[in-house]
**Student:** 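My questions all concern the structure below.
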Amino acid sequence: MLPFQEQIIADLLEDPNGGVVVLSSGLPIHSLVASLLLLHHPSQGSLLILSASDSQKSSISRSLLRLLRNDNPNPNPLLPTDIPGDVLSHHRTALYASGASYFVTPRVLIADLLTSRVPPSSIAGILILNAHRLTDTSTEAFIARVLRSLSRNAYVRALTDRPHAMVSGFSKAERIMKCLYVRRLHLWPRFHVLVSGDLEQSPPEVVDIRVPMTPAMRGIQQAVLETMDACLKELRRTNKVDVEDLTVENGLFKSFDEVVRRQLDPIWHTLGKKTKQLVSDLRTLRKLLDYLVRYDAVTYLKYLDTLRVSEGVRSVWIFAESSYKIFELAKKRVYQVLRADGVRIISNKKNSVVKRKSVNENSLIKNMESGGLQLENSSLSNKMDNAKMEANVGIVLEEVLEEAPKWKVLRELLEEIEVERRKEDSLKDEQNFADNGGDNNDIVLVVCKDERSCLQLEDCIIKNSHQVMRQEWEKYLFGKAELHSLQKRNKKRSQDPKGYGVLDGAVASGSGENSDPSTISKLENDALLAAASEISHLAKEEIAVRDESQPLAGRWGSAKRRCRGRSQKVTIKARDSRNNRKKSADKDQTVKASSEATEPEARPAVLENDLIDSCIGDSDKSFLQRHSHDSGGSESSDARPIPPVQFYALEKDEQILDIWKPSVIIVFHPDMTFVREIEVYKAENPSLNLKVYFIFYENSTEVQKFEASIRRENGAFESLIRQKSLLMIPVDQDGRCIGPTALCEPSSVVPQNSLTRKAGGRKTMEKEMQVIVDMREFMSSLPNVLHQKGMKIIPVTLEVGDYVLSPFICVERKSVGDLYQSFASGRLYHQVETMIRYYKIPVLLIEFSQDRSFSFQSSSDLGDDVSPTSIISKLSLLVLHFPRLRLVWSRSVHATAEIFASLKANQDEPDDNKAIRVGVPSEDGTVVDDVRAENYNTVAIEFLRRLPGVTDSNYRALMDGCKSLAELALLPVERLAELMGGQKPAKMFREFLDAKCPTMP
């Protein structure tokens, strides 16, 4: 353990009440938790760890195991385990009293605290991870308040490594400390004297490699930045958000969306569609910048095609002045369009974005005159000749398949590392030096952002980058062909008569059925389809030739990896055979397609062979693969050897440096958090010769985002330091934090004259309110707020409703998002039906968020008629169908607590034993406490209410006038008219009963 970590532990142990620790991103928070667990003794009581993710649990267990082996070599160390919710209650009570350390979810722990399943004296304290997620109404704050009331000796310690999240909102750090009842705030930034001294004592050897971007990548990046700046300018004009936060640098982070939405949520219903779309467009543009430096050119083009289809009409950024450059340059990175005579075709902004015209003599002349299609080295005098030539010559797709510049640098870097290692090994052999490194010190760790990048880099090392791009290109072509065949089937299906009505029985085709791709012209689309058909044909020929030359037995049961290897050979042979037939001497292969070959009947269907489909698709490879130069069977013969390589995806969020112990680390996608992990890893292993390579794109947003993340974290710590100097934490006479309850809870004000009229002004004892809460509701903040208001919470498992306020009042709580989902699934109808069946006053509570608008939609969006898609119409129909249902609208959880208090006025307290049995059938099949089943047959009532002439106003009189449906059917019309309130409904009812039933022929 490093000295600064020991100081953090000492500061935490100094205060018996606990504290909040804020670390820089990447500093070993798991090691601190493991040290606290190691210092814990069972005689102190049980130590409970809350809000830990799966990766954090595994990292804490590994760190604790390493510490235990160093201090006390025990073959069976006691590691913290989970306490699941499905364990029986008495077993959980025994675990809480054992004095060990456990991972527990907040929902299970708060239910056990409220039901007294946790002995207060048996809990030493709680450790809360990810403290930046806490709020005043979170379940962790609920646990801290209940624990403080039960045991004053238990401590609360919270840790986080997200300092920028601790400064979002107004005095968030102070509010978190108050809700946890702690006084101490410990800040440990990277620029702390102790931290910097420990990490810079033996720094690793760092090599910063700046790779220049290709001209097309620079053009795309500039176009995206210009488009983002244009969207930000449009957003500033709304005067709805803080202008200081709307910068391009802030737009590079995911937290930018949260900042903008937090400002716009209260007025979201008043914003126009354009402003709402701008917020979504900024998220899309940030992804475009990130994917540009992360993925290959073909994948990037495929993503742009998807965006054009999904957001083509709604989005604002596509219609920006510089957005057309993004699509054009992305296409040029993959292929170019040439005429068969070698003249390149350039499509300009207007044609590629807005207009699409068929290629014939007249339209081609018009396009050339308007700038739609321009031919290089052509003059105004020969436009007619070129147009006639174009109709007969056809076009050619020249494959560019631009490789990522980092791929080549990575390959050269690995070869250089292997050369240096062999030189060092030869020198050591000559000088007879012993190797002091571990078993895994020869590993080269390559760090990427996601798993897909790891798999692609793995293929680049095993094969070569050109072959990887060829495979991505073939997948792109097959996707185009499959989409085209699907559109053809839909088009043929839409030509069949569908009935009578609009358009003479034909169904109008959607905009996506008959429209060609927006980013390319009709000729380009036909050429792409022809290229896909040619590759499909050649692949089928190779499969047929191989099947004839080799026996079939034992060929079809191979593994996916063998299948993938065969597909690689197939594509290579297919390209070789195609090159031999065409006698092409070019390095980049070109696929030619004449206008005759692009007819629909000349294009074969998409490749239907299951083997080819499975071989072309991605197989389920592990993201952690180790490769040496011996396994590279597809490499070229002149390729130099490379060292063993291990890949790691940052999105896995696992601590792997202490496991693999690499001596060389190549950071392919730089990340500030992982950089700090490397620093700590080198500081803990000062004798290790560690070399770190950082690969950046020069003058890219990748560098800007990395540097901005460091500046943002430093600014967050500076803000926290200022807040720490101004903290106002109230304490009692014993020095313990009072918390927010005593200050925020208003005292009950009773008129003085009402007190003086009762026995000399003596105040009467107020009755404690009780609320029965379903266990599933502890995922929300409402039980916490109810407890703050002084109500007693009784957690049980309810079959009917979410909250039981009295023997007659049951509440079903719905947030806005849950309300939409419940209507869509039909679950709300069943829930309301069961509440009406068992309770006299069923209530549907619709709870809004406090920081959002208190409305479903703006007044301008309200329609005059009932719409099946409108939430207002659905609520109206629900109330009409269930007249006894009461709707309650709540502005926030605090308003809901006030509403519950008013509803419980003059009501008896609910019985939890009866509430548990409501809706649960007994052993004989009867349902307890069915308010309608006590005197009536509910099935017969539902049947009666659906008969002609029976309404909500007369069905109760019919039930009182006769005992059964059989007796009702024998009543005369005069008696029916007396019960139903008129001759008209009585005759309607009698005619329905006396009508003859039609027989089947």
Side-chain angles (χ1 to χ4, degrees), residues 2-4 24-28 190-192 194-212 405-431 433-449 457 461 626-629 640-648 650 655-698 702-703 706-707 709-710:
L2 298 177
F4 81 89
S24 286
S25 298
L27 294 186
R190 173 61 178 83
F191 55 81
H192 195 282
L194 295 179
V195 177
S196 59
D198 293 339
L199 298 184
E200 295 173 4
Q201 188 174 3
S202 58
E205 182 182 354
V206 178
V207 179
D208 190 356
I209 302 176
R210 301 298 174 102
V211 182
K406 280 188 177 183
W407 292 0
K408 182 180 179 182
V409 174
L410 177 62
R411 181 76 189 191
E412 294 175 352
L413 191 58
L414 292 174
E415 295 173 354
E416 180 183 347
I417 292 172
E418 181 64 19
V419 171
E420 291 179 356
R421 283 185 173 179
R422 294 193 176 188
K423 289 181 180 179
E424 293 176 358
D425 293 340
S426 61
L427 291 176
K428 288 181 180 180
D429 293 338
E430 293 176 0
Q431 301 176 5
F433 284 161
D435 187 7
N436 296 325
D439 296 337
N440 294 330
N441 281 348
D442 59 340
I443 291 178
V444 176
L445 179 63
V446 179
V447 181
C448 302
K449 188 165 291 186
L457 289 179
I461 293 176
R626 181 173 178 175
H627 302 285
S628 62
H629 58 276
R640 293 187 292 178
I642 61 174
V645 181
Q646 194 88 8
F647 292 92
Y648 170 65
L650 291 173
Q655 306 295 328
I656 44 85
L657 294 179
D658 292 329
I659 301 175
W660 294 337
K661 296 186 180 300
S663 59
V664 178
I665 301 175
I666 300 176
V667 185
F668 197 80
H669 295 141
D671 181 73
M672 182 189 64
T673 301
F674 189 73
V675 171
R676 304 280 169 73
E677 295 178 5
I678 295 175
E679 290 181 325
V680 174
Y681 167 67
K682 181 60 176 68
E684 292 177 347
N685 302 274
S687 61
L688 177 65
N689 295 323
L690 180 63
K691 196 170 185 178
V692 183
Y693 295 90
F694 290 96
I695 304 179
F696 288 95
Y697 279 116
E698 190 175 6
E702 185 180 37
V703 181
F706 181 76
E707 296 174 350
S709 61
I710 299 177

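As a basis for the values below, the full set of heavy atoms in this structure was taken, side chains included, without hydrogen atoms, waters or symmetry mates.
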**Student:** For a 4.5 angstrom cut-off between non-hydrogen side-chain atoms, does Ile665 reach Leu657?
**Tutor:** yes

**Student:** In Å, rounded to the nearest 0.5 Å, how long is the span from CZ of Phe668 to CZ of Phe647?
**Tutor:** 9.5 Å

**Student:** Which atom pair, heavy atoms only, marks the closest approach of Ser663 to Arg421?
**Tutor:** OG-NH2, 2.9 Å

**Student:** Taking atom CZ of Phe696 and atom CZ of Phe706, what is their separation to the nearest 0.5 Å?
**Tutor:** 5.0 Å

**Student:** Starting at CD of Glu684, measure out to CG of Leu199 and round the result to the nearest 0.5 Å.
**Tutor:** 9.5 Å

**Student:** Any salt bridge (Lys or Arg N to Asp or Glu O under 4.0 Å) involving residues 663-674? Give me the pairs, sequence neighbours left out, ordered by first then second residue.
**Tutor:** none

**Student:** Among Leu413, Val447, Ile209, whose side chain to side chain contact (heavy atoms under 4.5 Å, CB included) with Ile666 holds?
**Tutor:** Leu413

**Student:** Regarding Glu702 and Lys449, does a basic nitrogen lie under 4.0 Å from an acidic carboxylate oxygen?
**Tutor:** no

**Student:** With the side chain counted from C-beta on, respond yes when Tyr697 and Val703 share a heavy-atom pair under 4.5 Å apart, and no when they do not.
**Tutor:** no

**Student:** Looking at side-chain heavy atoms only, is the closest gap between Pro203 and Glu679 below 4.5 Å?
**Tutor:** no

**Student:** Could you tell me whether a side-chain N or O of Asp198 sits under 3.5 Å from a main-chain N or O of Phe4, the two making a donor and an acceptor?
**Tutor:** yes

**Student:** List, one per line, each side-chain donor-acceptor pair under 3.5 Å for residues 686-694, sequence neighbours excluded.
**Tutor:**
residue, atom, partner, partner atom, Å
Lys691, NZ, Tyr693, OH, 3.1

**Student:** Would you say the side chain of Ile642 lies within less than 4.5 Å of the side chain of Arg411, judging by non-hydrogen atoms?
**Tutor:** yes

**Student:** Does some side-chain heavy atom of Arg676 sit less than 4.5 Å from a side-chain heavy atom of Ser24?
**Tutor:** yes

**Student:** Evaluate Leu650 against Thr673 for side-chain contact (heavy atoms from CB on, under 4.5 Å), listing each step before the verdict.
**Tutor:** CA-CA 10 Å; Leu650 291 173; Thr673 301; over 6 Å; no

**Student:** If you define the side chain from C-beta out and look only at heavy atoms, does anything of Cys448 sit under 4.5 Å from Leu457?
**Tutor:** yes

**Student:** Starting at CG of Asn685, measure out to CG of Asp658 and round the result to the nearest 0.5 Å.
**Tutor:** 7.0 Å

**Student:** Would you give the length of the straight line joining atom CD1 of Ile695 to atom CZ of Arg210, rounded to the nearest 0.5 angstrom?
**Tutor:** 12.0 Å

**Student:** So do the side chains of Val444 and Pro662 get within less than 4.5 Å of each other, counting heavy atoms only?
**Tutor:** no

**Student:** Identify the two heavy atoms, one from Glu677 and one from Gly26, that lie closest to each other, and give their separation to 0.1 Å.
**Tutor:** CG-O, 3.6 Å

**Student:** Can you find a heavy atom in the side chain of Pro3 that is under 4.5 Å from one in the side chain of Gln201?
**Tutor:** no

**Student:** Report the C-alpha separation of Val446 and Ile461 in whole Å, then their side-chain angles, then the decisive distance to 0.1 Å, and conclude whether the side-chain contact (heavy atoms from CB on, under 4.5 Å) test is met.
**Tutor:** CA-CA 12 Å; Val446 179; Ile461 293 176; 5.6 Å; no

**Student:** How long is the span from the NZ atom in Lys661 to the CD1 atom in Ile443, to the nearest 0.5 Å?
**Tutor:** 11.5 Å

